[in-house]
Amino acid sequence: MPRNTVARIDTSALRHNYRLACRLASPARAMAVIKADGYGHGIAEVARALEGEAPKFAVACIEEALAIREAGIRHPVVLLQGMHSSDDVAICAREGFEVVLHSDYQLDWLMHATQVPAFWLKVNTGMNRLGFAPAMLADAMARLKEYMVMQNLVGFVTHFACADDVASNFTDDQTGVFTEAVADWPLLAKSASNSAAHFLPGQPMFDWSRPGIMLYGASPMLEKTGPELGLEPAMSLEAPLIAVRLLKPGQSVGYGCSWTAERETRMGIVAIGYGDGYPRHAGSGTPAWVAGSRIRLIGRVSMDMLAVDLTDAPAACPGDTVELWGRHVSVDEVARHAGTIAYELLTGVTARVPRFYDSPGDRAG
Ligand SMILES: *Cc1c(COP(=O)(O)O)cnc(C)c1O
């Protein structure tokens, strides 16, 4: 029997969340962002789950786009970082990949190409990672005309830095800069919104939005969990309870003896740890779920196991399934306890953890 430490993926939750993104983006359309192995959910399976819904996918790099082709899906795929090498230009053209170009050297590659892919221009409106400054855009457009590749230009992309924070004015500022920067080309497509921008009241959505994290049911917003935003968690991270023991007052558990029982404590050991991608920074008090009850981590997370306090789950016994995050415990809550964001937890589940799709399994609780 294999160790029953698994990530169960509910593909109907992916579709539910994608439809919510579409409603919030409407009349703009939504390209489904499935980079980083579908945020840890498995890029081929996520693409298959959304292929009937999403007209386009978006990924970071060409390897990910090719993985979508290997899954047998012919949809347009947007490469959010464009090409990383001139050799990729022809592959992108052949495969129907749309590249988002952010730098002059990428424009130069188009000049020498015999086959030119569809492409977008990235506009830097304040994130200051990638993109052409608004003042340089006319220049870049002039070069594209000179290279005679204008007809392959789909439109303009920008990316928000602070859309997760409803109290910030920065998204409005960036939206204003973007609108003005691209005003001379009204017929070209525009794309700005990440997941968070879908939840900002009054936010213009332009022609294409780019939801990522919300598709997986985790929250893009600082103060809310995914379920609080109407999202359904797509991943349930589960592991078996493999030992139960009583700790006497004064006894501790785990490396560094960082947690000590103040009273007699029924304690359980769960077969999952940071070697599986469960965050080591999740301290005592981080929630989990077993046998219908919410429980708490105690002590340090090890590579292959962690300890929980079973005082509030008296029925729990070895063999039971513990949900580390999923429907009962939001990944957003675990992320908060670990001092990180759900993005990092979902993309960090390691290859040791098999993904199962749409299998009810031995659901925790
Ligand atoms: C990853 C990414 C997105 C999706 O962001 P979420 O916060 O996951 O919705 C959108 N646009 C770009 C350029 C990205 O890199």
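Every number for a ligand or one of its atoms is a count from 1 in the order of the listing.
- Listed by atom number, the atoms of ligand 1 under 4.0 Å from Ile213 heavy atoms are 6 (P), 8 (O), 9 (O).
- Nearest protein neighbour of atom 7 (O) of ligand 1, counting heavy atoms only, is Tyr343 OH, 2.6 Å.
- Within a 6.0 Å sphere centred on OH of Tyr105, heavy atoms belonging to other residues, nucleotides or ligands number more than 12.
- Checked by distance only, ligand 1 and Ser195 come closer than 3.5 Å through their nitrogen or oxygen atoms.
- Between Tyr216 and His41, the ring center distance clears the sub-6.0 Å criterion.
- Of all protein heavy atoms, the one lying nearest to atom 14 (C) of ligand 1 is Lys35 NZ, 3.0 Å.
- For ligand 1, none of its N or O atoms has an N or O atom of Ala196 under 3.5 Å away.
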task = Show the numbers, then the answer: is there a side-chain hydrogen bond (donor to acceptor under 3.5 Å, both in side chains) between Ser191 and Arg210?
result = CA-CA 7 Å; Ser191 172; Arg210 304 189 306 275; 2.8 Å; yes

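- In terms of protein heavy-atom proximity, atom 11 (N) of ligand 1 is nearest to Arg210 NE, 2.9 Å.
- Of the possible polar contacts, none joining the Thr340 side chain to the Ala338 backbone as a donor-acceptor pair under 3.5 Å is found.
- Annotation: Phe206 is in aromatic contact with Phe178 [ring centroid separation under 6.0 Å].
- Near Tyr39, meaning under 4.0 Å from any of its heavy atoms, are these atoms of ligand 1: 1 (C), 4 (C), 5 (O), 6 (P), 8 (O).
- Remark: the backbone N or O of Cys317 is paired with a side-chain donor or acceptor of Asp320 at under 3.5 angstrom.
- Of the protein's non-hydrogen atoms, His159 CE1, 3.4 Å is the one closest to atom 12 (C) of ligand 1.
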